[in-house]
Amino acid sequence: EVAAEQTHDIGGPGPEGKPINDPLVTHIYTADPSAHVFDGKLYIYPSHDVEAGIPQNDNGDHFDMRDYHVLSMEEPGGKVTDHGVALAREDVAWAGRQLWAPDAAEKDGTYYLYFPMKDKDDIFRIGVASGSTPYGPFKAEPEPMPGSYSIDPSVFQDGDDYYMYIGGIWGGQLQRWTTGEYNPEDVYPADDEPALLPKMAKLSADMKSFAEPLRDIQILDENGELIKAGDNDRRFFEAAWVHKYNGKYYLSYSTGDTHYIVYAIGDNPYGPFTYQGVVLNPVIGWTNHHSIAEFKGKWYLFYHDSSLSGGVTHLRSVKMTELTHNPDGTIQTINAYK
Ligand code: FUB
């Protein structure tokens with residue numbers, strides 16, 4: 001079902017102080033765009049932001065989303081189609097609250113939607129749902145992925161292998177899993193200790209579980225040392241995303257409270273990854289969350305900001321803009337505004 005269609009502008013520059021790029025859609029609020037090309041068409045799997053009337057706090061309770069819509073487009077800058085509700089909270093047996101940043105993958109003609117949500121005990125888990133089209137509807141498995149926790153799943157396909165990356169601190173609860181078991185207390189390293197790291201694992205052949213234990217993804221500085229917890233401009237916060245360019249693996253992520261999207265480069269999907277620099281400078285709104293994908297021969301950054309809602313942090317809109325890899329493999333930093 002086509003709920004809305006809209007054209008948009010991904011070119012710049014806009015007037016002084018205004019966003020360079022238009023929201024991809026304006027009839028709903030959308031965030032955390034995970035982009036993939038399936039059958040030559042671009043599909044975006046965003047969060048669907050709503051005003052739930054919940055006061056803002058550091059746990060992100062105000063991000064109380066209830067369903068997902070999938071967006072698609074045939075051409076960059078072309079018409080955007082909203083395919084309507086692809087999965088709703090009430091269709092998930094283990095549902096508690098807060099449908100946060102999702103991602104999707106395709107294998108053998110089946111499409112998988114991966115989503116973080118709090119279970120009935122208010123613990124974030126990763127769910128999986130599947131369907132026969134890229135835009136759903138998706139049918140959720142009755143239980144979360146075994147052994148899954150925290151938020152922001154993203155799936156990277158490398159040949160025949162699929163890898164899931166997860167994690168987010170603060171409201172994303174990663175700091176409650178430092179022993180491997182859930183601990184309701186928040187345990188953070190000291191500023192001069194290594195930062196908490198995102199986790200990853202290869203997916204099983206049926207795409208519904210981890211094929212191996214989740215492991216840390218090491219993010220190193222220029223001296224080969226793990227980035228420290230107090231290095232807020234560079235340490236991992238949430239929104240891990242992996243893309244491959246010229247045989248190298250790029251891990252990009254949000255630094256959360258310093259509001260950057262940054263990236264690190266490695267030689268394989270497991271890392272280690274060495275920090276390189278900033279992909280996207282801070283945007284309007286607290287969160288910064290992105291994906292990177294190649295579409296029709298060009299690379300794009302998919303991101304969000306809160307410009308459409310006048311700066312309301314939990315009412316965001318997804319956007320896209322071109323991303324450039326330099327000849328040496330580094331990425332040119334993007335400013336969302338003039
Ligand atoms: O959209 C809810 C949460 O906000 C996401 O899971 C985080 O990455 C942040 O964007």
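If you read the sequence from its start, that first residue is 1, and numbering goes on from there. Since the model is a prediction, treat every value here as computed from it, not as a measurement. Indexing begins at 1, ligand by ligand and atom by atom, following the structure's order.
Between the choices Thr287, Asp49, Asp152, Asn288, the shortest heavy-atom distance to atom 6 (O) of ligand 1 belongs to Asp152.
Scanning the protein heavy atoms around atom 9 (C) of ligand 1, the nearest turns out to be Glu238 OE2, 3.2 Å. Looking only at protein heavy atoms, the nearest one to atom 1 (O) of ligand 1 is Asp32 OD2, 2.5 Å.
Judged by distance alone, the side chains of His325 and His243 do bring a donor and an acceptor atom under 3.5 Å apart. A donor atom on one side chain and an acceptor atom on the other are found under 3.5 Å apart for His83 and Ser72. A donor-acceptor contact under 3.5 angstrom links the side chains of Tyr182 and Arg176, judged on distance only.
Residue-ligand proximity: Met65 is placed with a non-hydrogen atom under 4.0 Å from ligand 1. The closest approach between a heavy atom of Gln98 and any atom of ligand 1 is not below 4.0 Å.
No close placement of the Trp286 and His314 rings is indicated, their centers lying 6.0 Å or farther apart. Aromatic ring centres of Trp170 and Phe237 lie closer together than 6.0 Å.
Residue contacts with ligand 1, taken as heavy atom pairs separated by less than 4.0 Å, do not involve His48 at all. When heavy-atom distances to ligand 1 are checked against a 4.0 Å cut-off, Ala31 has no atom that comes that close, whether in backbone or side chain.
For ligand 1, the atoms lying closer than 4.0 Å to a non-hydrogen atom of Arg316 are 1 (O), 2 (C), 4 (O), 9 (C), 10 (O).
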Show every donor-acceptor pair shorter than 3.5 Å between a side-chain atom in residues 223-231 and any protein atom, with sequence neighbours excluded, or say none if there are none.
unit_1, atom_1, unit_2, atom_2, d
Asp231, OD2, Arg234, NE, 2.8
Asp231, OD2, Arg234, NH2, 3.0

